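Reviewing the structure listed below.
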Amino acid sequence: MSRINKNVILALLTLTSSAFLLFQLYYYKHYLSAKNGAGLSKSKGSRIGFDGTQWRTVKKFIMLTSSQNVPVFLIDPLILELINKNFEQVKNASHGSASECKYFCVPRDFTAFALQYHLWKNEESWFRIAENMGFQCLKFESKDPRLDGIDSLSGTEIPLHYICTLASHAVHLVVFHERSGNYLWHGHLRLKGHIDRKFVPFRKLQFGRYPGAFDRPELQQVTIDGLEVLIPKDPMHFLEEIPHSRFIECRYKEARAFFQQYLDDNTVEAMAFRKSAKELMQLAAKTLKKLGVRFWLSSGTCLGWYRQCGIIPYSKDVDLGIFIQDYKSDIISAFQDAGLPLKHKFGKVEDSLELSFQGKDDVKLDIFFFYEETDYMWNGGTQAKTGKKFKYLFPKFTLCWTEFVDMKVRVPCETIEYIEANYGKTWKVPVRTWDWKRSPHNVQPNGVWPISEWDEVIQLY
Amino acid sequence: MDDWKPSPLIKPFGARKKRSWYLTWKYKLTNQRALRRFCQTGAVLFLLVTVIVNIKLILDTRRAISEANEDPEPEKDYDEALGRVESPRRRGSGPRRVLDVEVYSSRSKVYVAVDGTTVLEDEAREQGRGIHVIVLNQATGHVMAKRVFDTYSPHEDEAMVLFLNMVAPGRVLICTVKDEGSFHLKDTAKALLRSLGSQAGPALGWRDTWAFVGRKGGPVLGEKHSKSPALSSWGDPVLLKTDVPLSSAEEAECHWADTELNRRRHRFCSKVEGYGSVCSCKDPTPIEFSPDPLPDNKVFNVPVAVIAGNRPNYLYRMLRSLLSAQGVSPQMITVFIDGYYEEPMDVVALFGLRGIQHTPISIKNARVSQHYKASLTATFNLFPEAKFAVVLEEDLDIAVDFFSFLSQSIHLLEEDDSLYCISAWNDQGYEHTAEDPALLYRVETMPGLGWVLRKSLYKEELEPKWPTPEKLWDWDMWMRMPEQRRGRECIIPDISRSYHFGIVGLNMNGYFHEAYFKKHKFNTVPGVQLRNVDSLKKEAYEVEVHRLLSEAEVLDHSKNPCEDSFLPDTEGHTYVAFIRMEKDDDFTTWTQLAKCLHIWDLDVRGNHRGLWRLFRKRNHFLVVGVPASPYSMKKPPSITPIFLEPPPKEEGAPGAAEQT
């Protein structure tokens with residue numbers, strides 16, 4: 001009898017257990033799908049084709065945005081690169097004609113989209129709908145840098161990035177904000193304390209390591225892999241911008257502190273100079289942009305930006321830097337056409353080139369050409385009377401965007417090193433009398449031009 | 001696995017029927033010992049698997065629960081950090097169910113402390129007279145509203161009744177009197193206090209002190225009162241200490257449908273009080289308005305800056321009317337709050353708008369001026385593509401066709417350099433002097449009160465030389481100065497598209513409002529088609545004025561212009577009168593005329609080259625200053641311009657005339 005009992009108990013146990021197991025399996029599946037969205041697709045996603053997870057996620061995301069009238073556009077460098085290669089084909093492809101999944105099925109960790117924030121009408125409800133569709137989203141916010149320049153304003157935080165995952169693929173939505181100077185800005189994706197650092201491999205993100213600035217792209221609608229998406233009309237230009245898009249904000253707080261110590265000059269002359277300098281800079285920026293020549297704020301203009309977020313009223317000129325490899329022979333004529341006659345030209349392309357143009361109201365535009373050596377950069381100076389040459393040394397630097405007097409312009413990213421090289425550690429203290437041959441910290445005598453070359457290397461107008 | 005045990009009761013019932021097949025099966029199996037063994041081991045293994053799966057499930061659920069518990073915590077902290085300076089601190093851990101409340105009432109000082117935290121303290125001299133009212137959330141003890149009603153003065157008791165009626169049932173009400181609170185406490189107010197259960201409130205007498213704590217619609221939680229012994233003395237100070245039981249959060253809240261809008265409403269209503277039906281549980285008033293879109297809206301992308309201070313009830317009223325105006329685009333609206341005030345920010349959040357706070361700089365008028373500058377700069381920073389900005393203030397009602405009015409006229413600002421602004425406000429547009437909603441004027445004065453600013457004007461001219469904080473200037477006075485205006489004019493409508501309802505303000509009081517703003521005409525007709533907008537351009541307007549003057553009938557100048565009979569009892573005619581005006585800045589007669597017509601007379605407004613245009617008795621009425629005005633040539637030679645003597649001596653002339 002005991003054996004029978006044992007068997008019966010075992011059998012009954014097994015039966016109940018299987019009932020339990022079945023229930024648990026059912027429950028577990030529910031639990032999983034609630035947690036990970038459509039957890040089912042994972043099992044089938046290995047085949048590269050239209051049912052790859054990436055393609056499905058992107059499709060869902062595009063469905064979501066278009067149903068909510070959110071005009072997102074594709075900025076993913078990897079995919080834009082592919083599109084750019086087959087641009088003609090992509091432009092001509094009609095809806096649904098794609099036979100294989102060429103773009104959105106490429107293996108990658110993220111797909112990056114962007115959005116102009118002022119066109120986004122229903123952010124809150126969008127977020128909710130996204131979550132209902134199974135997306136898990138992280139939102140990154142920060143204070144609005146456009147209010148930083150104004151003393152004492154604090155506003156609602158603005159969204160900078162969204163990262164939404166669905167079935168193991170993530171969409172990175174970069175929120176672009178309009179800035180003064182007709183450009184788009186995106187913020188730094190900063191991982192704050194409570195954020196799950198394993199949510200996505202953040203290190204592999206293409207945008208957000210630094211704040212960035214971009215020209216406002218024109219958009220066009222194309223059909224890629226059967227999905228209708230907006231992309232920049234000139235993907236090539238956009239792709240070229242990405243690696244050089246890093247943006248640095250002016251140090252408004254320090255600038256305010258500066259003005260507390262050294263009062264701002266609000267005399268009529270100072271205001272008039274600032275106005276003319278601003279106009280001159282805008283004209284120069286426009287001219288150089290047309291030529292496709294990179295430039296940055298140098299010397300006093302750079303110091304003004306860094307120290308006080310403005311133009312130093314007693315500086316009396318505008319200083320720009322250009323790499324000699326970007327030199328174009330039509331720079332002089334382009335400036336002349338823009339109404340800025342050449343005032344003097346020192347040096348030559350091979351050595352110590354420096355151009356100076358006469359702007360309105362006695363404001364001068366100085367353009368210094370920078371030469372690169374293995375471990376430093378330099379630009380040259382020439383004394384017209386004596387033919388003496390000078391050399392100004394700078395540690396190596398790269399270029400970043402910033403906003404200055406309502407313009408998007410470049411400055412050396414390593415600004416403090418650049419400024420300290422030029423003005424020494426005491427750059428914070430205003431100095432009104434300045435001798436370009438002696439005052440700079442980094443000036444070195446560099447010999448004398450041979451008299452035979454003077455006609456070429458010292459031209460005064 | 002503990003919970004599962006084969007029940008000895010069930011087993012026999014269940015087993016009996018199946019006995020026969022079970023036995024056969026059993027005998028079959030006994031013959032195959034190996035197979036049986038195998039089955040047994042299988043079953044044991046199976047059981048093991050079940051155990052493991054179960055344990056995993058339990059662990060998973062545990063983790064999920066603990067995660068869910070951890071999550072809201074930082075949010076809560078943040079919420080707390082967000083301010084609520086006045087929230088009473090909880091003692092120890094765990095929810096406390098009782099608040100101890102202290103209320104003090106005396107001649108020169110009142111204070112209220114909740115759980116040891118002072119939420120009201122007023123011992124300033126010559127200030128804060130009357131009944132102080134505090135509303136607490138019955139579930140959290142947070143201060144939701146704080147008001148003082150100077151019921152020594154007339155009409156303040158009406159405001160108190162209005163306010164107390166708006167407070168939701170169940171809230172904790174605290175009242176305390178400072179100095180005097182009974183002189184103008186009328187029967188309605190007393191009846192209301194009686195209905196709250198107060199004994200002493202309805203019987204409050206001259207210079208009595210009184211402290212009261214009660215639940216709205218519920219029991220009185222404490223009351224103390226001290227009668228003033230004589231006319232010349234005050235009642236003794238009273239200190240009321242009482243315990244207020246907190247109710248559960250469930251009871252304190254309404255159960256609205258779970259929508260985005262109601263979430264905003266909920267956040268708002270659990271924090272502040274005194275906004276009436278917006279927090280009504282049964283039938284809350286909407287907080288989203290869907291006014292008709294404007295066809296061909298030219299101002300859809302023009303940013304709107306609302307300049308606000310700490311008058312949240314005004315802001316609430318203002319934003320309601322703004323969001324109800326046809327063609328409004330809420331995402332273009334930014335509210336700039338002068339100071340770190342929370343309640344205005346709550347109002348802004350209720351409507352889902354963008355709000356920006358501004359650390360106060362300087363004092364009084366200069367503070368307003370700096371706030372304006374920061375707000376305008378920020379507006380153009382936030383909307384760098386905008387060519388214009390609409391500037392509004394928190395104490396304005398906005399007409400339903402405000403944006404339609406701007407949409408029809410904004411092109412003028414682009415095409416006509418001689419324009420300074422477009423304003424929705426006609427300084428001289430009173431009930432009895434404005435008539436035609438489709439009519440626009442050009443005027444040399446800048447009215448403000450709802451106006452459009454050109455970005456180029458701001459960025460190139462105004463911003464660089466905006467008065468610095470140490471200059472204690474009014475921004476609007478400064479903008480009206482000839483150095484800034486430089487001969488440019490503003491476009492205004494005959495009937496204003498904004499209404500100035502603010503009674504409390506920097507340069508504002510009840511008397512002033514009643515005299516100069518209350519009877520102002522305000523357009524309520526939607527979709528008015530403006531007439532002949534292009535005739536407002538510089539040259540065209542001169543042609544228009546000349547045409548008007550040519551067809552105008554000259555009035556009988558022997559009559560008194562202040563009398564109603566100065567104008568015949570006609571309708572739709574155009575009349576002209578000539579007044580004496582020796583120089584461009586001689587407004588002696590005009591000011592007297594304005595005074596007797598009961599229109600704005602504190603300074604000169606609404607003139608265009610010595611011409612004023614208004615309506616009287618439904619007739620267009622033109623006033624020309626002779627000989628300063630270039631239109632003087634239209635004066636028939638026989639007419640002697642009217643001259644009105646200013647009163648002999650100026651007694652207590654109002655100081656700086658505030659406007660805006």
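Source: prediction; values computed, not measured. Proteins come first, then strands; the chains are lettered A, B, ... in the order of their sequence lines, and each starts at number 1.
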Structural part of A/L147 lying under 4.5 Å from a heavy atom of chain B: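 Answer is side chain: those atoms of A/L147 sit under 4.5 Å from chain B.
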
A/D144, part contacting chain B, at a heavy-atom distance under 4.5 Å: side chain

Pairs meeting criterion salt bridge (charged side-chain N to carboxylate O under 4.0 Å, His left out) with involvement of residues 259-269 of chain A, two or more places apart: A/D264-A/R274

Contact part of [X] toward chain A, heavy-atom cut-off under 4.5 Å: side chain, backbone, both or neither?
X      : result
B/Q357 : both
B/F380 : backbone
B/K459 : side chain

Which of A/K278, A/R216, A/H118 touches chain B most, by non-hydrogen pairs under 4.5 Å: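 Looking at each of A/K278, A/R216, A/H118 in turn, A/R216 comes out on top.
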
Top contributor to chain B interface from A/K275, A/M271, A/R128, A/H177 [non-hydrogen pairs under 4.5 Å]: A/R128

SB check A/R179 A/E249 (cutoff 4.0 Å):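 Between A/E249 and A/R179 there is a salt bridge, with a charged N closer than 4.0 Å to a carboxylate O.
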
Pair B/W466, B/S369: side-chain N/O donor-acceptor within cut-off below 3.5 Å: yes

Salt bridge (Lys or Arg N to Asp or Glu O under 4.0 Å) involving B/R263 - partner list, sequence neighbours excluded: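 Salt bridge (Lys or Arg N to Asp or Glu O under 4.0 Å) list for B/R263, sorted by chain: B/D258, B/E260.
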
Centroid-centroid under 6.0 Å between B/Y372 and B/W478 rings: no

NZ (B/K387) with more than 12 external heavy atoms under 6.0 Å: no

